[in-house]
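Working notes for the structure below.
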Amino acid sequence: MAVVIDGKEAAASVIAAVTEATASLESETGVKPGLAVVIVGNDPASHAYVNSKSKMAKQCGFNSIQHSLAEETTQEELEELVAGLNADPAIHGILVQLPLPKHLKAEPVILSISPEKDVDGLHVVNAGKIATGDLETGLISCTPAGAMLLVNRIHGRDLSGLNAVVIGRSNLFGKPMGLLLLAANATVTMAHSKTRDLASVCRNADILVAAVGRPQMVKADWVKPGATVIDVGINRVPAPDKGDGKSRLVGDVSYVDAAEIAGAITPVPGGVGPMTIAMLMANTAIAAYRAAGKTAPRF
Ligand code: GUN
């Protein structure tokens, strides 16, 4: 039976470290980290995410500002708001919640954020730094940074000799995750929807990371005995056993069966999920330290 990797506990320890670092920065320099979260439109799930980000920022001792813009906001208006936040010395981190309403293009908005305030780590400058192996001077995308922290808890920081397979090649997660594993010396395979015989590719993985967005797609017989399984999926599925019209969250891995084979596994919920917000807070504290001319802590 696998070790269950407790993302809630890991996230709480990151948040405690961020809160402490925030208090030291403020007492030494008078600088309080400022995080601006921007949301456009009325998507309830996005509003719930954004509210929890703003709440956590306050809990860390940040100056937390939320901009809730109407659905019909134009590209120009959104980019003007970002330009104002770029120029505001009290703001160290800017996050524009995705997805944006259909009439807006995300890419130019992300590129309009100053890379040093891009706490989501999505700007090409930050993505490029990871790609070139510079993990020190940029900002690393939050979900891969959080997933990596969980991998490091099991295997340490050096993954020499280990095979890692990442299923999914998105800019938001799969690509940066593959690069972080590579930077830690793992031998990395990036698998995706066009990969032939995915099951046997996965069976080679000492570290198997699933980010496909398909409920319970990764079966127990895809898992190498003793492997570490990191499940990034969050899928809502019907749960008639809980009552009429009820649902539950499941990951991309068939958890109960895979936990019999794996050495360590993240649950859903309570695995990678809580790490995303924790690493967003870490990135904001790092950006504020750098803006104050101080060496940023590592989280
Ligand atoms: N929507 C879902 N996850 C994320 C994230 O990590 N960052 C942003 N900006 N939007 C998201």
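Order of listing sets the numbers, starting from 1, for every ligand and every atom in it. None of the values given here were measured: they were computed from a predicted structure.
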So is [X] polar-close to ligand 1, meaning N/O to N/O under 3.5 Å?
X: Leu95; result: no
X: Leu98; result: yes
X: Asp120; result: yes
X: Gln97; result: yes

Residues [X] and [Y] bridged, charged N to O under 4.0 Å:
X: Lys294; Y: Glu28; result: yes
X: Lys219; Y: Asp257; result: no
X: Arg248; Y: Asp241; result: yes
X: Glu71; Y: Lys102; result: no

Looking only at the side chains, is there a donor atom on one of Asp134 and Thr132 sitting less than 3.5 Å from an acceptor on the other?
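Side chains of Asp134 and Thr132: no pair found under 3.5 Å.
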Mode of Leu280 contact toward ligand 1 - side chain, backbone, both, neither (heavy atoms, under 4.0 Å):
neither
